[in-house]
Protein chains: 2
Amino acid sequence: MHAIREAMAAMHKRSEEIPPVSKAVESLVRQVIAQVADKWTMLVLEALEEHGTLRFTECGRIVGGISQKMLTKTLREMERDGLVVRTVHPVIPPHVDYTLTELGRELSAAFCGVWTWAETYHAEVSAARRAFREREEG
Amino acid sequence: MHAIREAMAAMHKRSEEIPPVSKAVESLVRQVIAQVADKWTMLVLEALEEHGTLRFTECGRIVGGISQKMLTKTLREMERDGLVVRTVHPVIPPHVDYTLTELGRELSAAFCGVWTWAETYHAEVSAARRAFREREEG
DNA sequence: TTCGATACGCACCAAAAGGAGAGTGTCGCA
DNA sequence: TGCGACACTCTCCTTTTGGTGCGTATCGAA
């Protein structure tokens, strides 16, 4: 899990200077994480994982509570990052559909643990919130 | 992974009305996910997982690139959600330290898969981005 | 002939996120 | 006397996020 940090630490010890390659990799990993650790991205990812190929409006309906603007943006970013493929069928009215790539499916699988965590422990989280609120107020 | 949605679908089929309990649970899961799927939360979580107990400034230094404001906010929210314990030692100068709870450690473990994904596939992501940019421009 | 369906783009606006920097309180050290 | 250490808080400011509503293109149906 911490391969990069460990490698950096090792290299730092060895040469007393942080190599730029690892710095670039670390920042990229962070950037990717920051991108992907997004509410809408996670929700769209899950919708596509569950339903396979989806059309724009359909996807929005399944995700629920997302505006067209955010759906467009999220889908575009996911396409840019290689998580989904966008297929345009040049017919009228327009027909566009979205499918997860292998990369997207892998990410979805990686997020599986977080979903499980949330489903398993949400009661503990609300209990903690209640306790916190009482401690603050009382 | 999709236990809640499946349960809801089953109940919906059976009674033609969505029970409010599951709706509440689903919204709570979403809320928890939205909270937890945050860049700073993930980074702080990892820092604490790696280093055990950390003090405020120390934690900020390890996370890197986080402002005091965001560090305070992130830590407070994590405390509220029962992910960390905040211990104040009433000495001067002040000494406060933060440790993951069991819940926090579980979440950290759940995020492990996402970190691994990012470290494994970041090259594919940048390749996808380059390809996307070229397709857009060219 | 006009309406609806689809998948957006665009413009405008409100709210939230987030950064920079100054202030706080007390002690020990110089 | 005055500065630094720590863990913040507070204010001011900019940037990002996100919502709403309108425009668009074209075809078939009413």
Side-chain angles (χ1 to χ4, degrees), chain A residues 27 30-45 47-48 51-81 83-99 132 135-136, chain B residues 27 30-45 47-48 51-81 84-99 132 135-137:
Chain A
S27 103
R30 273 186 187 226
Q31 204 183 324
V32 168
I33 286 285
Q35 178 62 252
V36 133
D38 167 68
K39 182 192 169 189
W40 295 129
T41 303
M42 282 186 67
L43 260 10
V44 168
L45 205 62
L48 285 170
H51 296 82
T53 297
L54 286 177
R55 300 180 60 174
F56 183 81
T57 309
E58 204 179 1
C59 183
R61 197 170 31 77
I62 288 165
V63 167
I66 188 170
S67 67
Q68 287 191 333
K69 183 183 173 179
M70 276 300 105
L71 185 55
T72 305
K73 196 189 161 201
T74 305
L75 249 10
R76 278 283 186 289
E77 286 171 350
M78 290 174 77
E79 189 198 357
R80 186 198 58 180
D81 289 352
L83 303 177
V84 302
V85 256
R86 178 169 175 267
T87 313
V88 183
H89 304 277
V91 293
I92 284 177
H95 185 133
V96 180
D97 46 39
Y98 298 89
T99 317
F132 184 81
R135 283 214 307 165
E136 291 297 289
Chain B
S27 104
R30 275 188 187 223
Q31 205 183 323
V32 168
I33 286 285
Q35 178 63 251
V36 133
D38 166 69
K39 183 191 168 191
W40 296 129
T41 303
M42 283 186 66
L43 260 11
V44 168
L45 204 62
L48 285 170
H51 296 84
T53 297
L54 287 177
R55 301 180 59 173
F56 183 81
T57 309
E58 202 180 1
C59 181
R61 199 170 29 78
I62 287 165
V63 167
I66 188 169
S67 66
Q68 285 191 334
K69 183 183 173 179
M70 276 300 106
L71 185 55
T72 304
K73 196 189 161 202
T74 305
L75 249 10
R76 278 285 185 290
E77 286 171 351
M78 290 174 77
E79 188 198 358
R80 185 199 58 181
D81 290 352
V84 302
V85 255
R86 177 167 176 270
T87 313
V88 182
H89 304 277
V91 294
I92 284 179
H95 184 133
V96 181
D97 47 38
Y98 298 90
T99 317
F132 185 80
R135 283 215 307 166
E136 291 298 287
E137 288 169 0

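Chain identifiers are assigned alphabetically (A, B, ...) following the order of the sequence lines, protein sequences preceding nucleic acid strands; residue numbering begins at 1 within each chain. In this text the structure is predicted, and so the values were computed from the model without any measurement.
A/Gln68 places its CD atom 12 Å from the P atom of D/dG21, with the value rounded to the nearest Å. With rounding to whole Å, A/Arg61 atom CZ is found 10 Å from C/dT6 atom P. The interatomic distance linking B/Ile66 (CD1) with C/dA20 (P) rounds to 12 Å, in whole Å. Taking atom CG on A/Leu75 and atom P on C/dG9, their separation rounds to 11 Å, with Å as the unit. Atom C1' of nucleotide D/dA7 and atom NE2 of B/His95 are separated by 11 Å, given to the nearest angstrom. Rounded to an integer number of Å, the gap from A/Leu71 CG to D/dG18 P is 13 Å.
The CD atom of A/Glu58 sits 5.0 Å away from atom CG of A/Leu54, with the distance rounded to the nearest 0.5 Å. With rounding to the nearest 0.5 angstrom, the CD atom of B/Glu77 is 8.0 Å from the CE atom of B/Met70. In this structure, the separation between NZ on A/Lys73 and CG on A/Asp38 is 7.5 Å, given to the nearest 0.5 Å. One finds the CG atom of B/Leu43 at 11.0 Å from the CG atom of B/Leu48 (value rounded to the nearest 0.5 Å).
Taking the side chain of B/Val96 as heavy atoms from C-beta on, and the options C/dC8, D/dA7, C/dG19, the nearest nucleotide is D/dA7. Relative to the side chain of A/Ser67, the nucleotides C/dC8, D/dG19, D/dC8 differ in distance, and D/dG19 lies closest.
Contact between B/Leu45 and B/Met78 at its shortest, heavy atoms only, is CD1-CE, 3.6 Å. In terms of heavy-atom proximity, A/Ala37 sits nearest to B/Met42 at CB-SD, 3.5 Å.
Partners of A/Thr74 by side chain to side chain donor-acceptor pair (under 3.5 Å), not counting sequence neighbours: none found. Residues satisfying the side-chain contact (heavy atoms from CB on, under 4.5 Å) criterion with B/Lys69, sequence neighbours excluded, are B/Ser67. Evaluation of the salt bridge (charged side-chain N to carboxylate O under 4.0 Å, His left out) rule for B/Glu79 yields A/Arg135 as partners, not counting sequence neighbours. Under the side-chain contact (heavy atoms from CB on, under 4.5 Å) criterion, A/Thr99 pairs with A/Thr53, A/Val85, sequence neighbours left out.
An end-to-end axis angle of 30° holds for the helix from C/dT1-D/dA30 to C/dA30-D/dT1, taken from five base pairs per end and rounded to 10°.
Listed in residue order, the members of residues 52-59 of chain A having a heavy atom less than 4.0 Å from DNA chain C are A/Arg55, A/Phe56, A/Thr57.
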Let's go through B/Leu71 and B/Val44 carefully: what are the C-alpha distance in whole Å and the side-chain angles of both, what is the deciding distance for side chain to side chain contact (heavy atoms under 4.5 Å, CB included) to 0.1 Å, and is it a yes or a no?
CA-CA 8 Å; B/Leu71 185 55; B/Val44 168; 4.1 Å; yes
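Within the 4.5 Å cutoff, no side-chain heavy atoms of B/Lys39 are placed close to those of A/Ile33.
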Tabulate below the donor-acceptor pairs under 3.5 Å that side-chain atoms of residues 87-98 of chain B make, not counting sequence neighbours, or state none.
{"residue": "B/His89", "atom": "NE2", "partner": "B/Asp97", "partner atom": "OD2", "Å": "3.3"}
{"residue": "B/His95", "atom": "ND1", "partner": "B/Arg55", "partner atom": "NH1", "Å": "3.4"}
{"residue": "B/His95", "atom": "NE2", "partner": "B/Asp97", "partner atom": "OD2", "Å": "3.4"}
{"residue": "B/Tyr98", "atom": "OH", "partner": "B/Arg86", "partner atom": "NE", "Å": "3.2"}

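One finds no side-chain N or O of B/Arg76 lying less than 4.0 angstrom from the OP1 or OP2 phosphate oxygen of D/dA7. Close to C/dA7, at under 4.0 Å from its OP1 or OP2, lies no side-chain N or O of A/Arg86.
Proximity of a side-chain donor or acceptor of A/Asp81 to a complementary backbone N or O of A/Leu83 within less than 3.5 Å is not detected.
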Which protein N or O atoms sit under 3.5 Å from an N or O of nucleotides 25-30 of chain D?
none

For nucleotides 12-17 of chain D, list the nitrogen or oxygen atoms of the protein found under 3.5 Å from its nitrogen or oxygen atoms, one pair per line.
{"residue": "D/dT17", "atom": "OP2", "partner": "A/Lys73", "partner atom": "NZ", "Å": "3.3"}

